[in-house]
Amino acid sequence: MSYIKTSEEIKLLIEGGKILGEILEEISHMAVPGATAFDIDARAEKLIKKAGGRPAFKGYRGRKYDPPFPSTICASLNEELVHGIATKEKILKDGDIFSIDIGMEYPVRSSKIQETISKKISNYKSSRGYFTDTAITVIVGEVPEKTKQLLNVTKKALEIGIKQCTVGNTVADIGRAIQDYVEPQGYGIVRDLVGHGVGHAVHEDPRVPNFYEKDGEQWELRPGVVIAIEPMISIGDYMVETADDGWSISMKDKSLCAHFEHTIVITEDGPLVITRRPCEIF
Ligand code: MF3
Ligand code: CO
Ligand code: CO
């Protein structure tokens, strides 16, 4: 399994990424007061399957003995940052911010046999399809200006990271640029979670931190490299904690936090963002 994807692989990644961006945009409109994370999740799963894909997070285990992730989307509310479970009890209300993270393996054939095979294969090998990964934080109803600013800064941080995705740069340039933009404004950058290589599996090498890390200098951005950049930014401190459910990760100080993510292919002509939502394309 190479860290450089072939042009045939990239073709399928582009196809999957486009579908995933469209699905994320569609379900993001469901984030209104009174909606449940469960209903949004059910819609996401339906749309993914209809498109010929498989929800990449459902059944995912971080480590062999971790509990499998139960939902199609990661549904994280307010001080929850990532990996929130999409339950019926998670009801959106006016003034909330809601992060939706979604991953898809595409294309897949949905026969029973294929499903059995894929269960036996670990997260680190792809059975057949290609993986894309994207996230947004949306506002529910009305929120204060300060909250909107957090979302804008996090979204901008992602675009700043994407700009660094040119041939000749390294993964370290991405983190440095994001950090130089975010930290002087007084926000916290989460350290315990980072972006990643993606394509044959949800998570591949290299780590793509949202801060400068020396190790990143050994990962050159060459044509065919596919990564997910995903700044996770908080109004308060950057420390996080995991809930008793074994998945939901929140800010330790309960401060508001935001998360935006795209899957990017490095090309000779610069970054190709393959999970753009229709509303982002102009
Ligand atoms: N979407 C996360 C990421 O962006 C991974 C989620 S894994 C899950 O890297 F199991 F929590 F869904
Ligand atoms: Co993600
Ligand atoms: Co990711």
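Note that ligands are numbered from 1 as they come in the structure, with each ligand's atoms numbered from 1 the same way.
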N, O or S from His203 under 2.8 Å to the Co ion (ligand 3): no
Polar proximity ligand 1 side, Glu261 side, N/O cut 3.5 Å exclusive: yes
Single-linkage hydrophobic cluster, 4.5 Å side-chain cutoff, Ile97 and Met232 together: no
Residue pair Asp253 / Ser255, side-chain donor-acceptor N/O under 3.5 Å: yes
Between Gln164 and Asn169, a side-chain donor and acceptor under 3.5 Å: yes
Check ion pair Lys18-Glu15 (N to O, under 4.0 angstrom): no
Heteroatom proximity flag, Tyr60 to ligand 1, N/O under 3.5 Å: no
Nitrogen or oxygen atoms of His259 and ligand 1 under 3.5 Å apart: no
Within 6.0 angstrom of Phe38 CZ, more than 12 heavy atoms from elsewhere: no
Trp247: numbered ligand 1 atoms lying under 4.0 Å from its heavy atoms: 8 (C), 10 (F), 11 (F)
The Co ion (ligand 3) - name of the N/O/S atom of Glu230 that sits closest to it: OE2
OD1 (Asp133) - the Co ion (ligand 2) - OD1 (Asp101) angle, nearest 10°: 90°
Atom 2 (C) of ligand 1: the protein heavy-atom neighbour that sits closest, reported with distance to 0.1 Å: Asp101 OD2, 3.4 Å
For the Co ion (ligand 3): the N/O/S atom of Glu261 at shortest distance: OE2
Nitrogen or oxygen of His83 less than 3.5 angstrom from that of ligand 1: no
Ligand 1 atoms in contact with His203 (distance to a heavy atom under 4.0 Å): 3 (C), 5 (C), 9 (O)
Sub-4.0 Å atoms of ligand 1 with respect to non-hydrogen atoms of Cys74: 6 (C), 11 (F), 12 (F)
Lys49 and Glu45 ion-paired at < 4.0 Å: yes
Closest contact, heavy atoms only, Val171 versus Pro209: CG1-CD, 4.2 Å
Distance-only donor-acceptor check, side chains Glu220 and Tyr3, under 3.5 Å: no
Proximity of Ser71 to ligand 1 by residue part, where a heavy atom lies under 4.0 Å: neither
Nearest non-hydrogen partners of Ala86 and Ala37, listed with the distance: CB-O, 3.6 Å
